[in-house]
2 protein chains.
Amino acid sequence: GAADLRTPRAVAELRRAAVVVGLDQYVEQVRDLLRPGTRVLASGLGAEEERARAAVAEAVAGHAVALIGSGDAGVYAMASPALEEADERIDAVGVPGVTAGLAASALLGAPLGHDHVYLSLSDLHTPWEVIERRIAAAAVGDFVVLLYNPRSRARDWQLGAALRALAAHRPPQTPVGVVRNASRPGERVHLATLATVDPALVDMYSVVVVGSSQTRVVAGRMVTPRGYRWRA
Amino acid sequence: GAADLRTPRAVAELRRAAVVVGLDQYVEQVRDLLRPGTRVLASGLGAEEERARAAVAEAVAGHAVALIGSGDAGVYAMASPALEEADERIDAVGVPGVTAGLAASALLGAPLGHDHVYLSLSDLHTPWEVIERRIAAAAVGDFVVLLYNPRSRARDWQLGAALRALAAHRPPQTPVGVVRNASRPGERVHLATLATVDPALVDMYSVVVVGSSQTRVVAGRMVTPRGYRWRA
């Protein structure tokens with residue numbers, strides 16, 4: 001994410017680390033913060049288990065390890081596989097951060113003023129039937145929905161299916177926000193509705209925010225009221 | 001929240017402000033960051049509409065206004081009532097932050113490794129039937145559930161009702177984390193299960209995180225795996 005959304009606590013932990021483990025593109029973003037002599041173990045997309053295992057092994061060996069992510073490492077990211085791997089020998093400290101959904105929502109207005117769901121559309125590790133069932137539950141609950149991993153070159157139909165399932169429960173004029181590269185170079189904010197949103201605008205660097213039945217656009221901003229009246 | 005979870009962007013906006021509007025206890029936490037001469041409009045709990053209106057009026061009058069909150073102002077907080085009030089005359093910038101659910105989850109481990117729901121149990125502005133319907137939807141969707149405003153002196157039965165509704169869909173050993181004052185003085189982290197959790201430990205400064213059917217405790221930490229198998 002953006003350097004000015006990085007918390008002082010995260011920076012302090014990076015400075016303290018003797019070993020930094022992370023996705024190559026994220027490691028590049030923090031390289032200037034590291035002390036000279038810090039060992040860097042960078043790897044590519046898809047090597048999540050390998051990174052988790054490497055981070056834990058280094059920690060067991062007694063090194064101060066920082067396992068990094070973009071946004072919040074706890075949200076669909078490396079904290080979970082690493083802590084599954086870790087045992088009592090390791091003293092793990094989670095440093096929370098600004099997850100992509102929060103950065104995107106701040107750009108759209110205030111879509112998260114009331115109850116909301118984070119839902120990943122990636123069927124790489126989760127069967128599509130499970131995702132579908134969750135979309136249906138989010139629709140029935142009239143939650144604002146934040147879609148992570150909404151679309152990629154290989155996964156091109158899931159977003160359309162999700163939007164259609166939500167549209168069956170919400171008015172066509174329900175606001176939908178698409179934010180690409182929130183707070184990063186190439187940032188783009190697009191406001192549409194369930195009836196007009198074009199999935200082709202969405203890629204793997206995007207977060208899609210679908211309003212609840214109560215969400216509306218006020219002066220060009222997406223707002224979900226704090227007070228709530230259930231719609232019919 | 002904690003000073004070291006405050007982003008540089010938030011600090012810069014506070015320094016730029018000519019007028020700061022906020023809840024009295026939050027204003028006190030940032031008073032040392034303000035330039036001399038900054039006007040401060042602090043008010044108490046319950047005066048949300050008044051604060052929103054004051055912030056917008058000051059901005060319309062041409063002043064640089066910072067409307068502050070704890071955590072992320074967009075999540076159940078002041079961004080929504082303020083943007084409902086604002087019109088095109090105002091140039092509004094949302095600064096995202098670390099919301100309480102993320103701070104609490106980092107202390108518990110990695111409960112947010114997969115899909116999750118933010119749900120407020122406050123029936124002050126939302127009818128209980130709506131909240132109940134959402135709890136049921138979250139249960140059916142097998143989402144990890146973050147409960148905001150879980151309990152106060154005046155609202156003492158809602159949390160029990162929510163936990164019972166979730167327990168009807170999840171095993172009794174499902175992990176439940178209670179975090180009071182995440183990253184603030186008086187911080188307390190408590191790990192229990194749906195069968196054993198004691199609502200009396202929970203107050204209005206707490207966030208309650210209820211695991212999905214897949215969440216488990218590994219070496220004392222609450223972890224929701226990235227990969228997902230639907231239970232039964």
Side-chain angles (χ1 to χ4, degrees), chain A residues 2-9 12 48 72 74-76 79-81 83-84 86-88 90 92 94-99 102-103 105-107 109-110 112-120 125-127 129-130 133-134 137-138 140-143 218-221 223-228 230, chain B residues 2-9 12 48 72 74-76 79-81 83-84 86-88 92 94-99 102-103 105-107 109-120 125-127 129-130 133-134 137-138 140-143 218-221 223-228 230:
Chain A
D4 70 345
L5 290 180
R6 224 179 259 148
T7 66
R9 188 180 300 178
E48 283 78 18
D72 187 302
V75 179
Y76 301 112
S80 157
L83 293 185
E84 279 195 274
D87 57 29
E88 287 82 0
I90 291 178
V95 178
V98 175
T99 186
L102 295 177
S105 294
L107 291 166
L112 309 184
H114 214 291
D115 304 329
H116 50 280
V117 161
Y118 285 75
L119 208 156
S120 168
H125 299 283
T126 305
E129 310 86 76
V130 170
R133 201 161 145 178
R134 288 206 166 142
V140 168
D142 197 23
F143 290 101
V218 182
R221 302 171 196 119
V223 180
T224 306
R226 273 176 88 227
Y228 201 88
W230 197 274
Chain B
D4 69 346
L5 289 181
R6 223 180 261 148
T7 65
R9 188 181 299 178
E48 283 77 18
D72 187 302
V75 179
Y76 300 113
S80 157
L83 293 185
E84 278 195 275
D87 57 29
E88 287 83 1
V95 178
V98 176
T99 185
L102 295 177
S105 294
L107 291 167
L112 308 184
H114 214 291
D115 303 330
H116 49 280
V117 162
Y118 285 74
L119 208 156
S120 167
H125 299 283
T126 306
E129 311 86 75
V130 171
R133 201 161 145 177
R134 289 207 166 141
V140 168
D142 197 23
F143 290 102
V218 182
R221 301 172 197 118
V223 181
T224 305
R226 273 177 87 228
Y228 201 88
W230 197 274

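Naming: A, B, ... by sequence-line order, numbering from 1 per chain.
Note: Gly97(B) leads Gly97(B), Pro111(B), Gly220(B), Ser105(B) in heavy-atom pairs under 4.5 Å with chain A. Comparing Leu102(A), Leu107(A), Val218(A) by how many heavy-atom pairs each has under 4.5 Å with chain B, the most go to Leu102(A). Annotation: maximal heavy-atom pairing with chain A below 4.5 Å, among Ala106(B), Ser120(B), Gly109(B), occurs at Ala106(B). Put simply, of Ala92(A), Ala219(A), Pro81(A), the one with the most heavy-atom pairs under 4.5 Å next to chain B is Ala219(A). Of all the listed residues (Gly94(B), Pro96(B), Ala110(B)), the one sharing the greatest number of non-hydrogen pairs under 4.5 Å with chain A is Pro96(B).
In this structure, the ring of Tyr118(A) has its center less than 6.0 angstrom from the ring center of Tyr118(B).
Separation of atoms OG1 (Thr126(A)) and CG (Asp115(B)) is listed at 7.0 Å; rounding is to 0.5 Å. Note that CZ of Arg9(A) and OG1 of Thr7(B) are 13.5 Å apart. Values are rounded to the nearest 0.5 Å.
Scanning both residues, Arg226(B) and Tyr76(A), for their nearest heavy atoms gives NE-O, 4.5 Å. Of all the heavy atoms in Ser80(B) and Pro225(A), the pair that sits closest is OG-CA, 3.6 Å. Closest approach of Phe143(B) to Ala137(A), counting heavy atoms only: CE1-CB, 4.1 Å. When all heavy atoms are compared, the tightest approach of Ala86(A) to Arg221(B) is CB-NH1, 3.7 Å.
Neither the backbone nor the side chain of Ala12(B) comes within contact range of chain A; no heavy atoms are under 4.5 Å apart. For Val223(B), the part lying under 4.5 angstrom from a heavy atom of chain A is the side chain only.
Considering only residues two or more places apart in sequence or on other chains, Asp87(B) meets the side chain to side chain contact (heavy atoms under 4.5 Å, CB included) condition with Arg89(B).
At a threshold of 4.5 Å between non-hydrogen side-chain atoms, the residues Asp142(A) and Arg133(B) do not count as touching.
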